[in-house]
Amino acid sequence: MGDKKRKLAAEAGEPDLKKAKKEKKDKKEKSSKVKEVVEEPVVQEEVVEKKEKKEKKDKKDKKEKKEKKEKKEKEDKEEKKEEKKEEKKEKKEKKDKKEKKEKKEKKSKDSAEQPEAEADAMDVDVKQPEEAPAVNGSDKKDKKDKKEKKKEKKEKKAQDAQPNGAQAEEPAADEASTSQKGNRFIVFVGNLPYSANTESLTKHFEKIAPSSVRVATQKDKPTHSRGFGFVEFDNYDRMKTCLKLYHHSSFDDGKYPPRRINVELTAGGGGNTEHRKSKIEAKNKKLFEERQRAVKQTKQEQHKGPAAQADEGDAFAGVHPSRRRQMV
């Protein structure tokens, strides 16, 4: 009886056990599915984040490369610009040097030709054998020899013609003339009317005999003056006289009303270089100071004049009239 009961109980409990086992199995499967479902989105998110990071990094690298490239291009451009500037500067300096050299050569040629012309004009009676032009150095030597011979002849003539007292003064005069030969004595004349020309300007300065007169004219209208000109003299004394007497003198050519002209120093050669401008400025500054001093001096002389005349006219100017009789 007991065995039968046990069998029945076992048979009755089997479906419950199977059921319980099935339920456990289902639960396990469900939990594994849930885990898989949860893990899949996490993995996908990680992949997406990695991709985004990679893209960002790539973009950053590209940007840095681009910036580096642009920077390098800018530097290259700047270097090229600087190189071009330096090349231009070098070319300009070479050009300036060349021009200066040509000007110096021209000046030296002119200065060498002028003394020869003057010496030929002075010594008309002296004849010398003509020689064929030599090459460079030999030609210069011949010129020097000729000059020295002419100077010696002049000195001999002067010594023979003049007495002993004048003989000592002659070498000093020769030295002064030779020092003046190389220089040019030019003055700038400003504030001229537009009707001024070389004839009217020459007439204005005719008393001090200028060697050459030039009036600057307009390019479009050659007969119209630009309001200034240049007057050149043979020696320094005449130029000084011109600066002293003709500055602020009244210029009248009969076409415009008379006007005061300015006579100032200038430098020969022409051009608007800074060296020439500074040279002219320094010269005129000195001239202005000299003129100011001269004006002050004349004022002082005028102020002293009446008192000095009174003293000269009357010997007893400071004595009382009642005592003058006793001093006679």
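Nothing fancy with the numbering, it's 1 onward along the sequence. All of these numbers come straight from a predicted model, not from anything done at the bench.
No side-chain heavy atom of Lys57 sits under 4.5 Å from any side-chain heavy atom of Lys53. His204 is listed as a side-chain neighbour of Ile261, based on a closest heavy-atom distance under 4.5 Å. Counting heavy atoms from C-beta on, the side chains of Asn235 and Lys240 never come closer than 4.5 Å. Within the 4.5 Å cutoff, the side chain of Pro193 has heavy atoms near those of the Asp253 side chain. Lys98 has its side chain within reach of Glu102: a pair of non-hydrogen atoms, C-beta onward, lies under 4.5 Å apart. The shortest side-chain heavy-atom distance between Thr273 and Lys279 does not fall under the 4.5 Å cut-off. Val189 places a side-chain heavy atom less than 4.5 Å from the side chain of Phe205. Using a 4.5 Å heavy-atom threshold, the side chains of Ile208 and Tyr246 count as touching.
The closest donor-acceptor contact from the side chain of Arg238 to the backbone of Phe185 lies at 3.5 Å or more, if one exists at all. Looking at Thr202, its side chain does come within 3.5 Å of a backbone N or O of Thr198 through a donor-acceptor pair. Asn191 places a side-chain N or O within 3.5 Å of a backbone atom of Arg260 that can act as its donor or acceptor partner.
Around atom CD of Glu199, no more than 12 heavy atoms belonging to other residues, nucleotides or ligands sit under 6.0 Å away. At most 12 heavy atoms of other shown residues, nucleotides or ligands fall within 6.0 angstrom of atom CD in Glu274.
Hydrophobic clustering (side-chain heavy atoms under 4.5 Å, transitive across Ile, Leu, Val, Met, Phe, Trp, Tyr) groups Tyr236 together with Leu245. Note on Phe188: it clusters hydrophobically with Ile186, by side-chain heavy-atom contacts below 4.5 Å among ILVMFWY residues.
Partners of Phe233 by ring-ring contact (aromatic ring centres under 6.0 Å, His included), not counting sequence neighbours: none found. Legend: residues meeting side chain to side chain contact (heavy atoms under 4.5 Å, CB included) with Ser211, ordered by chain and number and at least two apart, are Glu232, Asp234.
Taking every heavy atom of both residues into account, Gln218 and Ser225 meet most closely at NE2-O, 3.6 Å. Shown here for Leu287 and Glu264, the closest heavy-atom pair between the two residues is CD2-CA, 4.2 Å. The shortest heavy-atom contact between Arg259 and Leu192 is NH1-O, 3.6 Å. Of all heavy-atom pairs spanning Thr217 and Pro222, the tightest one is CG2-O, 3.1 Å. Here the shortest heavy-atom pairing between Pro210 and Val231 reads CB-CG1, 3.4 Å.
Rounding to the nearest 0.5 angstrom, the gap separating the CD atom in Glu290 from the NZ atom in Lys244 is 10.5 Å. Taken to the nearest 0.5 Å, the CE atom of Met239 stands 9.0 Å off from the CG atom of Asn183. Ser278 contributes atom OG, which lies 11.0 Å from atom NZ of Lys283 (distance to the nearest 0.5 angstrom). Note: Lys62 NZ to Lys59 NZ = 9.0 Å, rounded to the nearest 0.5 Å. The line from NZ of Lys85 to NZ of Lys92 is 13.0 Å long, rounded to the nearest 0.5 Å. Rounding to the nearest 0.5 angstrom, the gap separating the CG atom in Asp76 from the CD atom in Glu78 is 9.5 Å.
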Criterion side chain to side chain contact (heavy atoms under 4.5 Å, CB included) on Val187 and His247, from CA distance to verdict: CA-CA 10 Å; Val187 294; His247 182 57; over 6 Å; no
Stepwise side chain to side chain contact (heavy atoms under 4.5 Å, CB included) test for Leu201 and Phe251: CA-CA 8 Å; Leu201 200 61; Phe251 179 84; 4.0 Å; yes
